[in-house]
Amino acid sequence: MMHSYHTFKAFVFLTALLIFLPSLSMASDQLIVYSGRAERLIKPVLDAFQAKTNISIQLLTGSSTQLINRLQAEGAHTSADVFITNDAGTLERARELHLLKPMKIEGIDHIIPQAFRAPDNSWIGLSGRIWIIVYNTSMIKPEQISSIFDLADPTWKGKLAIPTAGSEYLQAGASVISATKGEAATESFLKGIRDNAENFVYGKNRQIVDAVAKGKVALGLVNHYYIYRHLAQNPKAPIAPLLTDQKKGEMGLIMNATGIGVVKHTKKAEAAKSLVQFLISQSGQHMFAERNKEYPLHHTVKADPALPPRDSFHVAQVPLARLAELREPTMLLIERSGLR
């Protein structure tokens, strides 16, 4: 009787082990991605990678700053394999904190331009976006504004929508302006748009585009792709983008990039690297262009035809890696300007 009891226990244990083993196998074929990008913007591309490789993705989203703090706190015990953000400055900050692993990717010099990568390739840009003005075509004419600095003119009081002080887009934009024009000019600009926006301060870019489309305000500051995604769903919306600061000697448009890095303490470096390679490949880059209306960084992949061609405008010549060192003084400027 005792013998059959132990036999039964062994049978139960072996059965449980066989049931458990597949989940261990699945875990080894899984990447955990910390993403500062909204799930709706990044998940379709990650799903395509999963379908192609059978490597599953577990996605944890949050603000890029929160995720960097989490990676710091977790240290060598982190479960994260990959870090994706919507701001090159945040990636450079992660590199400075030694949270990312340098990557060797064959042919990278011919795939993604050096301006959109860390010197040691510990982070690599995935897609570009420009910070531009969206305006209501029935309320103003584009010739009324030639520079982003015009938004600080009292003419636009009560007619402008802007992001909150916590917006990474605003912070990056102010950093580029500061690097180009100096702190005094940046603070003057920030105070001017603060006064002109009054209560039209929004936490999300799509809210700004919506406010402009509904005529609540005449214009707003947003990332370009929010305009084109709104127009894709509402072709008759009275909105259009305004490309500023394009005359000779002017600053140019403010361009930033989303990007990716492999976490230093990952135990799945090869699988993580394969995700990076997929996202910078032509097929991955096409998805950023088609689904999100962003500018692909792969030199052979064209942007959505609805967008202004990349060679039709010039951008501010501030290396994206500098956004990390500019972050702290920029935050002080934003605080001093009284933006909320």
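A donor-acceptor pair under 3.5 Å links the side-chain atoms of Gln285 to the main chain of His298, judged by distance alone. With hydrogens and angles disregarded, a donor-acceptor distance shorter than 3.5 Å links the side chain of Asp304 to the backbone of Ala306. With hydrogens and angles disregarded, a donor-acceptor distance shorter than 3.5 Å links the side chain of Asn205 to the backbone of Asn223. Without hydrogens or angle criteria, Asn136 side chain to Val212 main chain gives a donor-acceptor distance under 3.5 Å. Side-chain N or O atoms of Thr186 include one that pairs as donor or acceptor with a backbone N or O of Gly182 at under 3.5 Å.
With 3.5 Å as the limit, one finds a donor-acceptor pair spanning the side chains of Asp153 and Thr155. Checking Tyr34 against Arg70 by side-chain atom types alone, a donor-acceptor pair falls below 3.5 Å. Looking at Glu168 and Thr90, their side chains never bring a donor and an acceptor atom within 3.5 Å of each other. Under the 3.5 Å distance criterion, with hydrogens and angles disregarded, a donor-acceptor pair is assigned to the side chains of Ser281 and Ser283. Using a 3.5 Å distance cut-off with no hydrogens or angles, the side chains of Tyr226 and Gln207 do not pair a donor with an acceptor. A donor-acceptor contact closer than 3.5 angstrom is absent between the side chains of Ser35 and Thr61.
From Asn121, atom CG reaches atom CD1 of Ile112 across 10.5 Å, with rounding to the nearest 0.5 Å. We find the OH-CZ distance between Tyr169 and Arg129 to be 5.0 Å, quoted to the nearest 0.5 Å.
Here the rule is side chain to side chain contact (heavy atoms under 4.5 Å, CB included) with Ile239, and of Val209, Asp210, Thr137 only Val209 fits it. For the salt bridge (charged side-chain N to carboxylate O under 4.0 Å, His left out) with Asp87, the qualifying choice from Arg93, Arg37, Arg327 is Arg327, the only one to do so.
Ion pairing between a basic and an acidic side chain is recognised when a charged N comes within 4.0 Å of a carboxylate O; Arg117 and Asp109 show such pairing. Remark: Lys191 does not engage Asp195 in a salt bridge, criterion side-chain N to carboxylate O under 4.0 Å. Between Glu250 and Lys247, none of the side-chain N atoms (NZ, or NE/NH1/NH2) sits under 4.0 Å from a carboxylate O, so this pair counts as no salt bridge. Taking the charged nitrogens against the carboxylate oxygens, Lys273 and Glu270 have no contact shorter than 4.0 Å, which rules out a salt bridge. With respect to the salt-bridge test (charged N to carboxylate O, under 4.0 angstrom), the residues Lys101 and Asp120 do not qualify.
Under the 4.5 Å side-chain contact rule for hydrophobic residues, Val201 and Ile208 share a cluster. Residues Phe116 and Val315 are members of one and the same hydrophobic cluster, defined by side-chain heavy-atom contacts under 4.5 angstrom among Ile, Leu, Val, Met, Phe, Trp and Tyr. A continuous path of hydrophobic side-chain contacts links Leu91 to Leu60 [ILVMFWY only; heavy atoms under 4.5 Å].
Taking the six-membered ring for Trp and the full ring otherwise, the centers of Tyr295 and Phe313 sit less than 6.0 Å from each other. In this structure, Phe278 has its ring center under 6.0 Å from that of Phe49.
In this structure, the side chains of Ser274 and Ile55 come closer than 4.5 Å at one or more pairs of heavy atoms. Taking 4.5 Å as the limit, some side-chain heavy atom of Leu46 sits within range of a side-chain heavy atom of Leu275.
Heavy-atom neighbours of Glu335 CD from other residues, nucleotides or ligands within 6.0 Å: at or below the threshold of 12.
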Assess whether side-chain contact (heavy atoms from CB on, under 4.5 Å) is satisfied between Leu151 and Asn196, documenting all intermediate values.
-> CA-CA 8 Å; Leu151 297 181; Asn196 289 342; 5.7 Å; no
Tell me, with the steps shown, if Asn256 and Ile130 meet side-chain contact (heavy atoms from CB on, under 4.5 Å).
-> CA-CA 6 Å; Asn256 201 344; Ile130 47 178; over 6 Å; no
Could you please spell out the steps behind the side-chain contact (heavy atoms from CB on, under 4.5 Å) verdict for His230 and Arg206?
-> CA-CA 8 Å; His230 187 95; Arg206 63 176 180 271; over 6 Å; no
Working for side-chain contact (heavy atoms from CB on, under 4.5 Å), residues Thr164 and Tyr202 | CA-CA 6 Å; Thr164 63; Tyr202 296 93; 5.9 Å; no
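Between Phe149 and Phe189, the ring-plane angle classifies as perpendicular under the 30° and 60° cut-offs.
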